[in-house]
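Take a look at the structure set out below.
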Amino acid sequence: MLLSPGYRRLLLLCVLLGVPIALACFFFVGLQHQLQHWVWTSLPEAAGYDTPPWWWPLPALVLAGLVLAPIVTRMPGAGGHLPVNGLGGPPVGPKALPGAVLAALATLPLGVVLGPEAPLMAVGSGLALLAVRRAGAGGDRRAGAILATAGSTAAISTILGGPVAAAVLLIEGAGLAGAQMVVLLLPCLLASATGSLVFTGFGQWTGLKIGALALPDLPPAANPDAGDFLWGVPTAALIAVLITLARELGHRTVSWTRRHTAVRTVACATAVGVCVAAYALITGRSPAEAALSGQAALAQLAADPHAWPVGALIALVACKGLAWGIALGSLRGGPIFPSVLLGTATAMACSGLPGFGVTPALALGVAAAAAAVTGLPLSSAVLAVLLTGGDAYDQMPLIVTASVVSFIVSQLVRRTEPETAPRPATGAAA
């Protein structure tokens with residue numbers, strides 16, 4: 001199959017698809033970031049506030065619920081996948097793509113405590129399937145499934161730091177092996193590499209911020225020692241428990257919103273706003289730290305962890321965790337970015353324990369949270385390694401240990417199975 005002319009044409013098509021998908025993702029994320037900046041920075045300043053007041057999330061989230069309710073109940077595709085189901089589910093086709101994009105652009109900037117990764121994957125798969133149909137190859141289901149998966153992988157690679165993390169996510173999430181995996185992996189790698197190159201180059205050319213998951217500044221490097229493992233293992237287990245309980249809340253929210261969906265969607269969005277406002281009231285800090293997906297707050301926490309009192313970190317985990325759990329089962333967006341911030345905040349709150357370093361806490365927090373929310377321990381470890389950059393070599397034993405511990409504990413704590421397996425590449429199983 002690898003040597004057949006049809007497969008070589010498929011690889012070339014994946015390279016070509018990576019360019020428009022990356023451009024679409026770039027403008028999607030850039031627009032979302034600009035709208036977010038307007039809601040949480042420009043508008044409060046125009047109203048005379050240096051930072052958003054504590055009550056700011058209440059009208060913002062009520063508006064998000066009012067906008068999302070008709071999208072969920074009336075548009076094809078119901079606005080995209082439910083985030084409590086991870087990144088899995090069937091590919092988002094061209095008909096459902098407008099609803100998914102509209103739901104994300106209309107609600108993520110308002111602070112629905114979710115990330116952009118699931119909508120981006122919808123953009124990737126939707127554009128890939130649209131290209132297949134335009135090319136007259138819609139009858140080839142196998143090619144369509146591969147291209148949809150390649151499109152999703154190319155899209156998610158743009159905000160995960162490149163094609164490596166996305167490829168590992170695909171390998172582990174697809175559950176395939178051997179030659180069958182090679183057939184699927186090569187198109188995804190090519191599309192991801194092309195898309196990532198275009199995405200990065202376009203960002204440098206335009207100067208627009210795209211809010212990718214990155215840690216430009218880290219605490220001083222420190223090799224993990226016995227104390228880091230002594231405290232790190234139970235901390236990883238604690239993170240797994242917190243993330244899994246929040247997901248359980250998301251499953252209960254799904255059951256509750258199945259009836260009277262429009263009204264209860266607005267009610268859930270309002271409840272998210274109350275949680276975020278409570279964080280601002282308790283800590284006196286900006287509600288944006290709890291309201292948004294978490295990339296900016298994660299970078300700030302990594303750059304200056306001592307600027308966050310332990311009480312503020314605990315309040316962030318409690319309030320944002322509750323809001324995230326409600327949003328998982330009722331709103332639209334990605335589940336990974338907020339969970340990474342929650343895990344990191346939990347680990348940093350524990351880093352004051354004797355013998356527990358800040359840098360090891362940061363690394364294990366990322367890995368443990370990602371493993372708990374995705375159920376993919378290898379992908380989570382790779383993501384943590386890529387985020388910690390030059391410090392990753394020394395932290396790798398702790399990162400891998402935290403990822404495995406978190407995965408095992410989350411499986412033990414989980415009481416209800418997800419409706420859809422958390423597979424990042426929707427076409428892979430086909």
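None of these values were measured; they are calculated from a predicted model.
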Exercise. Would L378 and F407 satisfy side chain to side chain contact (heavy atoms under 4.5 Å, CB included), going step by step from the backbone distance to the final call?
Worked result: CA-CA 10 Å; L378 176 59; F407 172 75; over 6 Å; no
Exercise. Is W38 atom CH2 crowded by more than 12 heavy atoms from other residues, nucleotides or ligands, each under 6.0 Å away?
Worked result: no
Problem set entry | Nearest non-hydrogen partners of L127 and P20, listed with the distance | CD1-O, 4.5 Å
For this session: Locate the shortest heavy-atom distance separating F28 from P119; write the atom from each residue and the value.
Result: CZ-CB, 3.7 Å
Seminar exercise, completed: Residues passing the side chain to side chain donor-acceptor pair (under 3.5 Å) test with E289, sequence neighbours excluded, are Y279, R285
Exercise. How long is the gap from CG on L328 to CG on L114, to the nearest 0.5 Å?
Worked result: 6.0 Å
Seminar exercise, completed: Of L322, V113, L281, the one forming a side chain to side chain contact (heavy atoms under 4.5 Å, CB included) with V276 is V113
For this session: Could you check R258, R252, H251 and say which one makes a side chain to side chain contact (heavy atoms under 4.5 Å, CB included) with S255?
Result: R258
Problem set entry | Listed partners of A118 passing side chain to side chain contact (heavy atoms under 4.5 Å, CB included), at least two apart | L87
Seminar exercise, completed: A271 meets the side chain to side chain contact (heavy atoms under 4.5 Å, CB included) criterion, sequence neighbours left out, with I326
Problem set entry | Verdict with supporting geometry, T51 and W40, side chain to side chain contact (heavy atoms under 4.5 Å, CB included) | CA-CA 8 Å; T51 59; W40 295 94; over 6 Å; no
Problem set entry | Steps toward side chain to side chain contact (heavy atoms under 4.5 Å, CB included) verdict (F337, L292) | CA-CA 10 Å; F337 284 17; L292 302 178; over 6 Å; no
For this session: Evaluate the side chain to side chain contact (heavy atoms under 4.5 Å, CB included) criterion for residues S379 and T374: first the C-alpha distance (whole Å), next the side-chain angles of each, then the deciding distance (0.1 Å), finally the verdict.
Result: CA-CA 9 Å; S379 303; T374 64; 5.6 Å; no
